[in-house]
**Student:** 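Take a look at this one; I'll ask things after.
Numbers restart at 1 for each chain; the letters A, B, ... are given by sequence-line order, proteins then strands. Just so it is clear, the model here is predicted, and its values are computed rather than measured.
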Amino acid sequence: MDRHYDPKAVEAKWYPWWERNGCFHDEPSRGGKPYTVVIPPPNVTGILHMGHALNQTIQDVLVRWHRMRGENVCWVPGTDHAGIATQNVVEKALRKEGKRRQDLGREAFIDRVWEWKRQYGGTIVHQQRMLGNSTDWRRERFTMDEGLSTAVAKVFCDLYDEGLIYRGNYIVNWCPRCGTALADDEVEHEPNAGHLWYVRYPVVGSEGEFVTVATTRPETLPGDTAVAVNPSDARYAHLRGKKVLLPLTNREIPVVFDDYVEKDFGTGVVKITPAHDANDFAVGQRHDLPQVDVMNDDGTMNARSGYEGMDRFACREAIVKDLEKGGYLVKVEDYQNQVGHCYRCHTVVDSRLSKQWFVRMKPLAGPAIEAVRKGEIAIQPKRWESVYFNWMENIRDWCISRQIWWGHRIPVYTCGACGHEWAAPTKPTRCPKCGAAELTQDPDVLDTWFSSWLWPFSTLGWPQKTEDLAFYYPTNDLITGADILFFWVARMIMAGYHFMGRAPFRNVILHGIVRDAQGRKMSKSLGNSLDPLEIIDRYSADALRFSLALITSMETDTKVDMGKFEIGRNFGTKLWNAARFLQMNAEKLPGFSFADHADQPPALDPALLRDDDRHLLLKAHHTCAALDAALAKYRIQDGALAIYDFAWTDFCDWYLEYAKADLNAPDEKRRRQVMAILADVYGKILRLLHPYMPFVTEEIWHQLGYCGEEATIMRAPYPTGYADAQIAAWGLTEEALAYVEAKHDLITGIRALRAEAGVPPAATVRPLLHPASDALRDRLTHDLPSIQTAVRAESLTLIADTPTDPMPSKLLKAGMVYLPLQGLVDTQAEAEKLDKEIAKLQGFLNGVNAKLNNQAFVSKAPAPIIQNQRDRKAELEVQIAALQARRATL
RNA sequence: GGGGGAUUAGCUCAGUUGGUUAGAGCGUCUGCUUGACAUGCAGAAGGUCACUGGUUCGAGUCCAGUAUCUCCCACCA
């Protein structure tokens, strides 16, 4: 093996190899237990960001784990056509040529988008491969694929025929830059430092009386068709039946009375603009007010406004100026309110009256609420369930039409002859009613989410009855960011029940978002984004994945900075070097083969086993259980921690160091046995870790020869630990484990004593140990060489009495240890140290005694807890006695 | 306005159903080129678990309140 691990070469080698060899692919015909995941499809215009890296790392860990458990795994990748985003990109390119999409016409423009997709649409799917995702690329889908488009058309027509889709003139969110309607959740509200303008509206037929309204959007004033006050507001009761004069115009508009108006806000008088505000629209409907639209599609003012052609914000200033000139403006206050922005282009959205298509959501929401309530679908972390219920129970109709060209065109046709309107999944040639051939199709396209909400079954072939659909649906786990719970997850659940009659998935796993070191969202404008590809370039994909897994809790957002990825990089290096050590030593044993240790438990001679071996084997067993438990509960971080700690601390720091002595000793039986343990446990580490770090584990698996060239660790069984009979035969007891923990404590303690006493590193010492118990004395007697080596001691003498010579000491789990030194020993300091230690332990003992003397504790606490305290008391008494005995000699 | 979350070492975070002396990584300090690994090894320092009260034999953990920070939802012009 090379001295240095070269992740770039290794990662570039394995991914194509896996893909070429169908390692990511499975078929229903193979049978077994299906495990299905659909990837949240990234936008086809997207480039890989840290959110993808986190989301896909979690998925790949789970997917690879299930695959190694022998399940029939299907992980569907793909991309989303991202209507507005993609159209924006192509329009931008057109603008560089000095053209608009209208110059090309609809069909040519759409061709142009497809061309763009062919050329650049593969960017993100290429980048995803860099992460090491084991997605089945043979099943890759695109939301505008023929099959998925068929599904979209069928769904639209079914809902249309069921009466769940309707068209109407409503107030919608309108993005003037994109020139389209937006759904409610596509609008992002942000605080805005604006103003509140107080404007006088003269009361018609009075002598100089007026009402003052407060508004944040004076440019909508020409669209006012009433002013409103609260019916119980005594200040304005006399205005019933009156009219006011709309400033800058000579229109008279009525005063209406409506509960919507808050008496305490502003002046208690509201201008009503039904065509430009959702609330005003509702007031207008209640009072039968006219709707005056004063703006164009692009955010400029129209002829009705009197400011034709002016931009809405310029108009705002112009109107304010004119109001001031006319003496209508009373005052201006600074005012902070929430202003909606387009989630795509961040333009301030307007509320605008227009004719749009909507889906009636209430009937769809019912079963979806029920599903989560009954536990057919579990959302984790659990607290999101209440968020889900809250949204679903107050669900509003979904505006699904978009005034753009790129997307699934709404399959509604109108007959030019008889006016009949109907929905059809494929383009009809004649009117089904009158037979005429003059048909026009609705010009709008569907919201992109109208295809994504079908993703769990449309990607498996629906509406065809495919084998994939029968075998892999419903999917198992849906892993995504909580930010698209409403956009996507909730709608998929509704679609799953409505169209398939079943849940689309069993578990929803919502993770947080990736933030920068200061906890800010990563964004282009802040320039604080980390690029996953740069991290891969600097540290490797394995490092990116492992570090993310290790620092990500499911409960909270993840803060990252470049330094975090050193954790994964260093761990990869550590593994590599451990592998080199194993290989070097294996070469010295003729006939030794790692292949014999790929899965079969090693044939160990119990007579040759030491407690260190037992400690490692039992810890390995525990680690297998820990990984299994963690991954079953989606606790990716716990699993990463468990394997990291075991591999680094138990395997490398402790066992490998012990093993060095054995591997260099003449006893060949023992050498073979140690090598077998190393190969077995290291093989487990590689397999346990593979879902997290697929590349380096695969490379080492092959380099050491755990498998042949044609095989892969991807399909090696996930370790489950040792059989009970094996554990019994090898004597893997908790007692042995506890003994080795005490031994480690002893080694650490002697090292610390050396360091504190300033003994040079190269010098050897001859420490004395007064064991805490006879049992310990016996066990240690058989185990002295490894301790001596670990602490660079010439000898370690087990003594029976408290020594009287002045020398530093330390109280450890194993007993009192003494370090005889030549030269000066500060007896005074030593005495003080002992006094301090005695006082500390006495404090603990007092606490324990207080508990044991507490009648309530003894009668109410469970027996094991009481026993713990008794054991603790005994232990403390022994320790204090040992310290006091030593103190007495000084 | 409604709802959620967070608050544990200098920093980033673990801490499963309440039960020995609250852990890890990074950073800091000390020593080390020891034949797997300086992307490393050995050792050390560092925490009244935000605050106040309550429940309990026992609270970082459960409950209530307070403070600060955060996110989501919502029609206050």
Side-chain angles (χ1 to χ4, degrees), chain A residues 1 3-5 185 189 196 213-217 228 260-262 264-267 269-273 277-282 335 337-338 351 381 383-384 386-387 390-391 394 482-483 485-486 512-513 517 519 539 543 547 550-553 555-561 563-564 566-567 569-585 629-630 633 635 637-638 641 644-645 652-653 656-657 660 664 748 751-756 758 760-762 790-792 840-841 843-844 847-848 851 854-862 864-866 868-869 871-872 875-876:
Chain A
M1 287 173 76
R3 198 174 149 78
H4 293 287
Y5 176 53
D185 45 16
H189 292 274
L196 206 48
V213 306
T215 179
T216 53
R217 293 168 63 207
Y260 152 69
V261 182
E262 298 280 333
D264 301 331
F265 187 88
T267 59
V269 186
V270 189
K271 66 196 259 319
I272 300 297
T273 322
D277 184 278
N279 291 309
D280 294 6
F281 177 79
Y335 184 68
N337 61 349
Q338 297 279 321
S351 292
R383 64 190 153 87
W384 287 105
S386 57
V387 180
N390 185 47
W391 190 76
N394 300 296
D483 51 338
L485 177 60
F486 306 136
I513 62 170
Y539 297 111
S547 299
L550 195 69
I551 64 177
T552 294
S553 145
E555 297 294 325
T556 55
D557 291 343
T558 302
K559 288 185 201 171
V560 299
D561 59 79
K564 287 273 165 56
E566 288 180 9
I567 303 172
R569 192 257 329 247
N570 295 354
F571 189 39
T573 305
K574 190 73 181 172
L575 285 169
W576 183 258
N577 284 307
R580 288 178 58 222
F581 176 85
L582 261 63
Q583 193 181 52
M584 284 174 193
N585 284 285
K633 285 185 288 185
R635 302 195 52 119
Q637 183 185 39
D638 290 359
L641 262 170
Y644 181 81
D645 192 47
C652 291
D653 287 348
L656 235 49
E657 292 305 319
K660 282 175 183 172
N664 289 319
T748 301
R751 284 170 177 166
L753 209 46
R754 286 181 60 126
E756 283 160 22
V791 301
R792 282 180 172 264
K840 193 176 101 188
L841 294 187
F844 292 147
V848 172
K851 272 191 189 174
N854 182 342
Q855 203 47 49
F857 174 75
V858 180
S859 61
K860 288 188 182 174
I865 300 297
I866 298 171
N868 274 350
Q869 293 298 311
D871 294 347
R872 177 90 181 114
E875 187 191 355
L876 280 166

**Student:** Could you tell me whether A:R217 contacts a base, only the sugar-phosphate backbone, or nothing, with contacts defined as non-hydrogen atoms closer than 4.0 Å?
**Tutor:** nothing
**Student:** If I take atom CG in residue A:N664 and atom C1' in nucleotide B:rA36, what distance separates them, rounded to the nearest angstrom?
**Tutor:** 12 Å
**Student:** Quick one: OH on A:Y539 to CD1 on A:I567, what's the gap to the nearest 0.5 Å?
**Tutor:** 10.5 Å
**Student:** Where the side chain of A:T573 is concerned, which of B:rC37, B:rA14, B:rU39 is the nearest nucleotide?
**Tutor:** B:rU39
**Student:** Hey, what do you get for CH2 (A:W384) to CG (A:L485), rounding to the nearest 0.5 Å?
**Tutor:** 7.0 Å
**Student:** The criterion is salt bridge (Lys or Arg N to Asp or Glu O under 4.0 Å); which residues satisfy it with A:E657, sequence neighbours excluded?
**Tutor:** A:K660
**Student:** Calculate the interatomic distance between A:N394 atom CG and B:rG1 atom C1'; express it in whole Å.
**Tutor:** 14 Å
**Student:** Would you say A:R580 and A:R3 make side-chain contact, with heavy atoms under 4.5 Å?
**Tutor:** yes
**Student:** Looking at residues at least two apart in the chain, or sitting in another chain, which of them share a side chain to side chain donor-acceptor pair (under 3.5 Å) with A:D645?
**Tutor:** A:T649
**Student:** May I have the distance from A:W576 (atom CH2) to B:rA38 (atom P), rounded to whole angstrom?
**Tutor:** 15 Å
**Student:** Using a heavy-atom cut-off of under 4.0 Å over every strand shown, decide if A:V858 touches base, sugar-phosphate, or nothing.
**Tutor:** nothing
**Student:** N/O contacts under 3.5 Å, protein versus nucleotides 24-33 of chain B?
**Tutor:**
none

**Student:** In whole angstroms, how far is the P atom of B:rA14 from the CD1 atom of A:I551?
**Tutor:** 11 Å
**Student:** What's the closest nucleotide to the side chain of A:C652 if the choices are B:rU39, B:rA14, B:rA36?
**Tutor:** B:rA36
**Student:** Side chains of A:T552 and A:Q637: closer than 4.5 Å at any heavy-atom pair?
**Tutor:** no
**Student:** If I take atom OH in residue A:Y539 and atom C1' in nucleotide B:rU39, what distance separates them, rounded to the nearest angstrom?
**Tutor:** 10 Å
**Student:** For B:rU21 and B:rG25, measure between their C1' atoms and round to the nearest Å.
**Tutor:** 22 Å
**Student:** Answer yes or no: is there a side-chain heavy-atom contact under 4.5 Å between A:T216 and A:L196?
**Tutor:** yes
**Student:** Between A:N390 and A:S386, is there a donor-acceptor pair closer than 3.5 Å when you use the side chain of the first and the backbone of the second?
**Tutor:** no
**Student:** For RNA chain B, please output the secondary structure as dot-bracket, reading 5' to 3'. Pairs are Watson-Crick or G-U wobble, both atom distances under 3.5 Å; mark crossing pairs with [ ], other-strand partners with |, unpaired with a dot.
**Tutor:** (((((((..((((.....[...)))).(((((.......))))).....(((((..]....))))))))))))....
**Student:** What does A:L656 touch in the nucleic acid at a heavy-atom separation under 4.0 angstrom: a base, only the sugar-phosphate, or nothing?
**Tutor:** base
**Student:** In whole angstrom, give me the gap between the P atoms of B:rG4 and B:rU66.
**Tutor:** 14 Å
**Student:** Going from CG on A:D280 to OG1 on A:T273, what distance comes out if it is rounded to the nearest 0.5 angstrom?
**Tutor:** 5.0 Å
**Student:** Heavy atoms, side chains only, cut-off 4.5 Å: are A:Y5 and A:L575 in contact?
**Tutor:** no
**Student:** Using atom C1' in both nucleotides, what's the gap between B:rC73 and B:rG65 to the nearest angstrom?
**Tutor:** 25 Å
**Student:** Please figure out whether A:V848 or A:A214 has its closest RNA chain B nucleotide nearer the 5' end.
**Tutor:** A:V848
**Student:** Using the C1' atom as the point on both nucleotides, what is the distance between B:rC62 and B:rU56, in whole Å?
**Tutor:** 10 Å
**Student:** To the closest 0.5 Å, what do you measure between NZ (A:K851) and CD (A:Q869)?
**Tutor:** 4.0 Å
**Student:** Let me know the distance between OH of A:Y5 and P of B:rG40, rounded to the nearest Å.
**Tutor:** 16 Å
**Student:** Could you pull out all residues at least two apart from A:V269 that satisfy side-chain contact (heavy atoms from CB on, under 4.5 Å)?
**Tutor:** A:V211, A:V213, A:V227, A:V229, A:Y236, A:T267
**Student:** So, using ring pair (Phe, Tyr, Trp, His ring centres under 6.0 Å) as the criterion, who are the partners of A:W391 when residues are at least two apart?
**Tutor:** A:F486
**Student:** For A:D871, enumerate each residue passing the side chain to side chain donor-acceptor pair (under 3.5 Å) test, keeping only those at least two apart in sequence or located in another chain.
**Tutor:** A:Q867
**Student:** Using the P atom on both, measure B:rG35 against B:rA42 and round to a whole Å.
**Tutor:** 15 Å
**Student:** Would you kindly compare A:D277 and A:L876 by the position of their nearest RNA chain B nucleotide and give the one closer to the 5′ end?
**Tutor:** A:L876
**Student:** Collect all protein-nucleotide pairs involving nucleotides 16-20 of chain B in which both atoms are nitrogen or oxygen and the distance is under 3.5 Å.
**Tutor:**
{"from": "B:rU20", "atom 1": "O2'", "to": "A:R872", "atom 2": "NE", "distance (Å)": "3.2"}

**Student:** When you check the phosphate oxygens OP1 and OP2 of B:rU12, does a side-chain N or O of A:T558 lie under 4.0 Å from one of them?
**Tutor:** no
**Student:** For A:Q583 and B:rC37, give me the distance from atom CD to atom C1', rounded to whole Å.
**Tutor:** 15 Å
**Student:** Send over the distance from A:R383 CZ to B:rC71 P, rounded to a whole Å.
**Tutor:** 14 Å
**Student:** Anything under 3.5 Å between a protein N or O and an N or O of nucleotides 72-76 of chain B, put it in a table, one pair a line.
**Tutor:**
{"from": "B:rC75", "atom 1": "OP1", "to": "A:R396", "atom 2": "NH1", "distance (Å)": "3.1"}
{"from": "B:rC75", "atom 1": "O4'", "to": "A:N279", "atom 2": "OD1", "distance (Å)": "3.4"}
{"from": "B:rC75", "atom 1": "O4'", "to": "A:N279", "atom 2": "ND2", "distance (Å)": "3.3"}
{"from": "B:rC75", "atom 1": "O2'", "to": "A:N279", "atom 2": "ND2", "distance (Å)": "2.6"}
{"from": "B:rC75", "atom 1": "N1", "to": "A:N279", "atom 2": "OD1", "distance (Å)": "3.2"}
{"from": "B:rC75", "atom 1": "O2", "to": "A:N279", "atom 2": "OD1", "distance (Å)": "3.2"}

**Student:** Please measure how far the P atom in B:rG58 lies from the corresponding atom in B:rG15, and state the result in whole Å.
**Tutor:** 26 Å
**Student:** What integer number of Å spans the P atoms of B:rG27 and B:rG40?
**Tutor:** 9 Å
**Student:** Suppose we screen for side chain to side chain donor-acceptor pair (under 3.5 Å). Which residues come up paired with A:K564, at least two apart in sequence or across chains?
**Tutor:** none
**Student:** Please confirm whether the backbone N or O of A:D277 pairs with a side-chain atom of A:R217, one donor and one acceptor, at under 3.5 Å?
**Tutor:** no
**Student:** Let me confirm one number: the CD1-CG distance from A:I551 to A:D561, rounded to the nearest 0.5 Å.
**Tutor:** 8.0 Å
**Student:** Report the residues that fulfil ring pair (Phe, Tyr, Trp, His ring centres under 6.0 Å) with A:F571, sequence neighbours left out, ordered by chain and then residue number.
**Tutor:** A:F546, A:Y644
**Student:** Might you list the N or O atoms of the protein lying below 3.5 Å from N or O atoms in nucleotides 42-44 of chain B, with each pair's distance?
**Tutor:**
{"from": "B:rA42", "atom 1": "O3'", "to": "A:R751", "atom 2": "NH1", "distance (Å)": "3.4"}
{"from": "B:rG43", "atom 1": "OP1", "to": "A:T748", "atom 2": "OG1", "distance (Å)": "3.3"}

**Student:** I'd like the C1' distance from B:rG53 over to B:rC72, given in whole Å.
**Tutor:** 31 Å
**Student:** Looking across every strand, which nucleic acid part, if any, lies under 4.0 Å from A:K559 by heavy atom: base, sugar-phosphate, or nothing?
**Tutor:** sugar-phosphate
